[in-house]
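Below is one structure; the comments refer to it alone.
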Amino acid sequence: MPELPETQTIAAILNKNLAGKNVLQVQISKDYKALPSTEIFIKAVTGKKIKSVKRVAKNILLELNNGVRILFHLAMTGRLLLWNEKVGSEKWVKIILHLDNGTKLTFSDMRMFGKAAVLSPKQTEELAARYGPEPLDKNTTPQQLFEKIKSKRTNIKNALLDQVVISGLGNIYATDALFLAKINPLTKTSEIAPEDTSRLLDAIREVLEESIKFGGSTLSDKMYVDPFGKEGTYQEHFKIYSKKNCPVCDGKVNFMKISGRGTYFCPACQPIISA
DNA sequence: ATGTTTGTTCCGAT
DNA sequence: CATCGGAACAAACA
């Protein structure tokens with residue numbers, strides 16, 4: 001579930017609450033495989049101090065004082081919770097980190113699509129290098145995005161979901177950003193002009209920043225909550241995602257699957273660019 | 001019972 | 001050979 005805003009929200013809260021804490025003990029569920037192996041994971045993490053928590057694309061990285069990183073990727077249904085008296089029982093817990101302030105961080109994952117791994121400093125660099133530009137990085141330019149988009153031969157919606165083109169977008173924010181930029185999701189990347197990319201990057205930044213402001217999106221399944229169990233409210237501010245009628249022209253919103261992902265767009269406000 | 005789901009990766013097809 | 005897109009991964013819900 002989590003895309004960039006949700007991952008960012010989690011990383012910021014964890015950084016605030018975990019920096020400087022020591023990991024006293026690590027518990028891993030028998031039915032779960034941490035990477036590269038559960039044994040190596042436990043050995044690498046136990047007794048280490050957490051220096052900081054950062055986000056890279058949709059990954060959450062806990063930097064330890066020996067330079068090793070714990071990587072969590074939440075995929076569709078992963079959760080990281082900081083347990084206290086308010087955050088109650090949680091199912092599907094796979095990993096528990098016991099901290100020296102008496103609290104614990106749990107990683108749970110209902111559908112097991114997520115990932116927990118330890119990375120060496122070199123592997124951490126390699127990870128970041130695999131991803132496209134970070135949309136919220138001020139140094140990211142429309143020209144960069146344009147070149148990345150032009151390297152793909154598919155529609156713009158698929159291109160935006162490719163983490164090599166741009167980091168951190170998922171189905172919801174790609175859908176909303178295309179609506180704000182007035183670009184039809186089926187537009188071939190070959191038809192995208194530099195000025196479209198400029199509008200698109202602005203739109204991407206707008207939806208991501210707004211969502212971060214609202215603490216991300218929590219859908220009806222309640223899968224996403226922050227580490228203290230709090231839901232996001234960006235779903236009350238969706239631009240087009242999940243809507244029946246266009247908020248701009250009130251026309252009927254089109255729904256279709258693009259590469260298997262539910263896509264919403266307004267055919268009037270997001271017309272196909274003809275060659 | 002069938003169809004749906006916010007992500008990523010692998011494999012077959014092109 | 002590179003790239004695209006469907007299927008698969010697994011579980012809950014309507």
Side-chain angles (χ1 to χ4, degrees), chain A residues 1-11 29 31-33 35-36 55-60 71-80 89-94 107-117 119 126-128 130-132 135 147-179 185-190 204 207-208 210-212 214-226 231-244 255-264:
Chain A
M1 23 184 341
E3 305 180 30
L4 187 150
E6 293 78 23
T7 313
Q8 176 73 39
T9 302
I10 293 168
S29 166
D31 67 353
Y32 192 75
K33 289 257 177 275
L35 297 173
R55 176 192 65 77
V56 171
K58 296 173 194 168
N59 301 281
I60 292 168
L71 176 154
F72 290 110
H73 195 297
L74 303 180
M76 300 276 265
T77 59
R79 269 185 181 167
L80 287 168
S89 67
E90 166 76 337
K91 281 165 93 175
W92 315 296
V93 171
K94 304 303 174 190
F107 170 65
S108 64
D109 192 2
M110 179 178 82
R111 286 166 71 181
M112 299 264 275
F113 292 175
K115 189 160 80 173
L119 302 184
E126 288 166 354
L127 174 88
R130 282 209 300 275
Y131 288 101
E147 281 167 28
K148 290 287 188 181
I149 287 171
K150 288 297 178 177
S151 74
K152 309 291 291 184
R153 271 165 292 169
T154 180
N155 59 63
I156 186 65
K157 169 83 188 305
N158 275 344
L160 291 181
L161 292 182
D162 187 334
Q163 300 299 298
V164 171
V165 171
I166 189 160
S167 288
L169 286 187
N171 197 39
I172 290 176
Y173 299 104
T175 298
D176 264 10
L178 286 168
F179 174 72
L186 290 169
T187 308
K188 300 288 179 210
T189 52
S190 57
I204 289 167
V207 297
L208 294 180
E210 186 178 356
S211 183
I212 289 170
F214 288 114
S217 306
T218 299
L219 301 188
S220 56
D221 64 6
K222 308 289 182 195
M223 276 316 301
Y224 168 72
V225 289
D226 81 10
E231 295 175 14
T233 58
Y234 179 77
Q235 68 280 4
E236 295 163 16
H237 306 271
F238 282 155
K239 307 304 169 200
I240 191 87
Y241 187 83
S242 81
K243 292 197 180 296
K244 295 262 190 295
F255 173 80
M256 68 187 307
K257 291 290 183 76
I258 298 179
S259 294
R261 316 304 304 279
T263 307
Y264 300 81

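Proteins come first, then strands; the chains are lettered A, B, ... in the order of their sequence lines, and each starts at number 1.
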Nucleotides 9-14 of chain B: which of its N/O atoms have a protein N/O under 3.5 Å away?
none

- [ ] Mind checking the CG-CD1 spacing from A:Leu169 to A:Ile204? Nearest 0.5 Å is all I need.
- [x] 5.0 Å

Open item on the list: In whole Å, I'd like the distance from the CG atom of A:Asp162 to the P atom of C:dA2.
Closed with: 16 Å

- [ ] Determine: side-chain N/O of A:Lys152 to OP1/OP2 of C:dT3, distance under 4.0 Å, yes or no.
- [x] no

Open item on the list: My understanding is that only residues two or more places apart in sequence, or in another chain, count here; which of them pass ring pair (Phe, Tyr, Trp, His ring centres under 6.0 Å) with A:Phe72?
Closed with: A:Phe107

Task: Nearest-neighbour nucleotide for the A:Phe255 side chain, B:dT5, B:dG7, C:dT3 considered - done: B:dT5

Task: Sugar-phosphate, base or nothing in reach of A:Tyr241, heavy atoms under 4.0 Å - done: sugar-phosphate

Task: d(NZ, A:Lys148; P, C:dT3) in whole Å - done: 12 Å

Open item on the list: Whole angstroms only, please: what is the CE-C1' distance between A:Met223 and B:dG7?
Closed with: 13 Å

Open item on the list: Closer than 4.0 angstrom, basic N to acidic O: yes or no for A:Glu210 and A:Lys239?
Closed with: yes

Open item on the list: Taking only side-chain N and O atoms of A:Thr154, does any of them lie within less than 4.0 angstrom of OP1 or OP2 on C:dG5?
Closed with: yes

Open item on the list: Using whole Å, what does the distance between atom P of nucleotide C:dC4 and atom CG of A:Leu160 come to?
Closed with: 14 Å

Task: Approximate separation, where rounding is to 0.5 Å, of A:Ile172 CD1 and A:Arg261 CZ - done: 9.5 Å

Task: Trace of the side chain to side chain contact (heavy atoms under 4.5 Å, CB included) decision for A:Glu6 with A:Lys58 - done: CA-CA 9 Å; A:Glu6 293 78 23; A:Lys58 296 173 194 168; over 6 Å; no

Task: Same-atom distance (C1') from C:dA14 to B:dG7, integer angstrom - done: 22 Å

TODO: Rounded to the nearest 0.5 Å, what's the gap from CG on A:Leu74 to CD1 on A:Ile60? Could you check?
DONE: 4.5 Å

Task: Residues A:Ser211 and A:Tyr173: side-chain donor-acceptor under 3.5 angstrom - done: yes

- [ ] Return the value, rounded to whole Å, for the distance between atom CD of A:Glu3 and atom P of B:dT5.
- [x] 14 Å

- [ ] Write down the distance separating the P atoms in B:dC11 and C:dA10, rounded off to the nearest Å.
- [x] 15 Å

TODO: Could you tell me whether A:Asp109 and A:Lys115 make a salt bridge, using a distance below 4.0 angstrom between a side-chain N and a carboxylate O?
DONE: no

Task: Under 4.0 Å protein heavy-atom contact, by nucleotide of nucleotides 6-14 of chain C - B base, S sugar-phosphate only - done: S--BBBS--

Task: B:dT6 OP1/OP2 closer than 4.0 Å to side-chain N/O of A:Arg261 - done: yes

Task: side-chain hydrogen bond (donor to acceptor under 3.5 Å, both in side chains) partner of A:Asp176, the single match among A:Tyr234, A:Tyr241, A:Tyr264 - done: A:Tyr234

Open item on the list: Quick test of your reading of the model: are A:Lys222 and A:Glu231 salt-bridged, counting only N-O distances below 4.0 Å?
Closed with: yes

Open item on the list: Check the phosphate of B:dT8 against A:Gln163, side-chain N and O only, distance under 4.0 Å to OP1 or OP2. Yes or no?
Closed with: yes

Task: Rounded P spacing from B:dG3 to C:dA7 in Å - done: 13 Å

- [ ] For A:Phe72 and B:dT8, give me the distance from atom CZ to atom P, rounded to whole Å.
- [x] 17 Å

TODO: Among residues two or more places apart or on two chains, list those pairs meeting salt bridge (Lys or Arg N to Asp or Glu O under 4.0 Å) that have a residue in residues 148-168 of chain A.
DONE: A:Lys152-A:Asp162

Open item on the list: According to ring pair (Phe, Tyr, Trp, His ring centres under 6.0 Å), who are the partners of A:Phe113, at least two apart in sequence or on a separate chain?
Closed with: none

- [ ] Ignoring backbone atoms, test whether A:Asn158 places a side-chain nitrogen or oxygen under 4.0 Å from the OP1 or OP2 oxygen of C:dC4.
- [x] no

TODO: Starting at atom CD1 of A:Ile172, determine the distance to atom P of B:dG7, rounded to an integer number of angstrom.
DONE: 7 Å

Open item on the list: With rounding to the closest Å, how many angstrom separate the P atoms on B:dT4 and C:dG6?
Closed with: 15 Å

Task: Atom-pair distance (CG on A:Asp109; P on B:dG7), nearest Å - done: 14 Å

Task: Consecutive Watson-Crick or G-U pairs in runs of at least 3, all under 3.5 Å, in which DNA chain B is involved - done: B:2-5 with C:11-14, B:7-14 with C:2-9

Open item on the list: We want to know whether A:Asp226 and A:Thr9 form a side-chain donor-acceptor pair, criterion being a heavy-atom distance below 3.5 angstrom.
Closed with: no

Task: B:dG7 OP1/OP2 closer than 4.0 Å to side-chain N/O of A:His73 - done: no

